[in-house]
Amino acid sequence: MLIRSKDNGYTYPDSSEITPRAVYEQRRRFLLQGVAVGALSMSLDALAQSSGYTPAGKLTALPAVRSKVAGAVTMEKITAYKDATTYNNFYEFGTDKADPARNAGTLRTRPWKVEVTGLVAKPRTFDIEELLKLSPQEERVYRLRCVEGWSMVIPWIGYSLAELLKAVEPSPSAKYVEFVTLADKATMPFVGSRVLDWPYTEGLRLDEAMHPLTLLSFGMYGEVLPNQNGAPVRLVVPWKYGFKSAKSIVKIVLTDKEPGTAWNKSAKNEYGFYSNVNPEVDHPRWSQATERRIGEDGLFAKKRKTLIFNGYEAQVGQLYAGMDLKKFY
Ligand SMILES: Nc1nc2c(c(=O)[nH]1)N[C@H]1C(S)=C(S)[C@@H](COP(=O)(O)O)O[C@H]1N2
Ligand SMILES: [Mo]
């Protein structure tokens, strides 16, 4: 059954342990949203394979099947929804961890388009509704690890970014992917402030972007993304520090040159392009050897030892074979 822990976090049950209550609640929510009968039975199938926590019940449900991608579902305890949605980094809405939840209500997530362009055979601008339907929505439970030393375990919903990239047919000369996010002064109070260059941009090598674990995410905890978590579409790159996971993406550009990235532009000596989670490569001003799991910060909570590639070495280590990770940090 679903075990609810004292701090309101959820453990992650076996698929065989899904409670009838969770099924019932989910069904009720689909019905309330007027999902067609055919879609409903599909959704219940999907649910039978899904992770079994109770969705927060705050936003539109986003049905998803549990991902079969290797390494995509960790069995660790899921971070409480409240923590995952009130302790955020989204500098367009302020630099304090509590600011995005307070300020991101102004973000308008419809209409929304994502332009995919650059070194591709079929450049195309997707409406967000088209993008949602490009591939089946999968649920994955990934760790997110911030360079500031905190981590969370979140049930994300989305599909491999590779699905989108394949649809636009990358040219042989494409080597990198740049992600450009919304910078709208009218709805984002800190765009224009001097903390970062706007828009916030990020980048991956093309093979990293094509790796099945790289997720184009539209939701979490069974629902669409809350604004403060990067609605309506963001990246989740689970083996890299959190800042690589660009939020509220509006443009994706395939290039032959390593793109600049928000934190690298603002502090070149502190943030590199790769930013793979690595306990042996310290940030110039602090160690990266341990992390604090959000929700575990009681008096006796121990810090966790950070794992190379955030624990995803078996899946992604090959991408960096022969590379000096101290040099390419
Ligand atoms: N557009 C944009 N994306 C962003 C950021 C930002 O300030 N702006 N912050 C990054 C950082 S530093 C982290 S740790 C993660 C945090 O994601 P979360 O709030 O969903 O946990 O988002 C990343 N994506
Ligand atoms: Mo971060």
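Note that ligands are numbered from 1 as they come in the structure, with each ligand's atoms numbered from 1 the same way.
Ligand 1 does not have E202 within reach: every non-hydrogen atom of the residue lies 4.0 Å or more from it. Residue G230 places every heavy atom at 4.0 Å or more from ligand 1.
Protein heavy atom at the shortest distance from atom 20 (O) of ligand 1 is R234 NH1, 2.6 Å. Scanning the protein for heavy atoms near atom 22 (O) of ligand 1, the closest one is K247 CE, 3.3 Å. Residue, atom and distance of the protein heavy atom nearest to atom 21 (O) of ligand 1 are L144 CD2, 3.2 Å. Looking from atom 10 (C) of ligand 1 to the surrounding protein, the closest heavy atom is Y200 OH, 3.5 Å. Atom 9 (N) of ligand 1 has its closest protein heavy atom at N89 O, 3.3 Å.
In this structure a side-chain-to-backbone donor-acceptor pair under 3.5 Å is missing from E139 to W156. Listed for the D96 side chain is a donor-acceptor partner under 3.5 Å among the backbone atoms of A98.
The aromatic rings of W263 and Y271 sit tilted relative to each other, their planes meeting at an angle between 30° and 60°. Between F243 and Y241, the two ring planes are parallel [angle under 30°; tilted spans 30° to 60°].
When the side-chain contact (heavy atoms from CB on, under 4.5 Å) test is applied to V120, the partners found at least two apart in sequence or on another chain are P123, V168, L254.
Side-chain N/O atoms of K97 and N89 include a donor and acceptor closer than 3.5 Å. Using a 3.5 Å distance cut-off with no hydrogens or angles, the side chains of R293 and S151 do pair a donor with an acceptor.
On a distance-only criterion, Q228 and ligand 1 share no N/O pair closer than 3.5 Å. Ligand 1 has no nitrogen or oxygen under 3.5 angstrom from a nitrogen or oxygen of W150. For a threshold of 3.5 Å applied to N or O pairs, the pair formed by Y91 and ligand 1 contains at least one separation below that value. In terms of N/O distances under 3.5 Å, ligand 1 is approached by E92.
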Please report the C-alpha distance between F218 and L131 in whole Å, then the side-chain angles of each, then the deciding distance to 0.1 Å, and finally whether the side chain to side chain contact (heavy atoms under 4.5 Å, CB included) criterion is met.
CA-CA 9 Å; F218 304 86; L131 206 56; 4.0 Å; yes
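Close approach of ligand 1 to T181 (heavy-atom distance below 4.0 Å) involves ligand atoms 1 (N).
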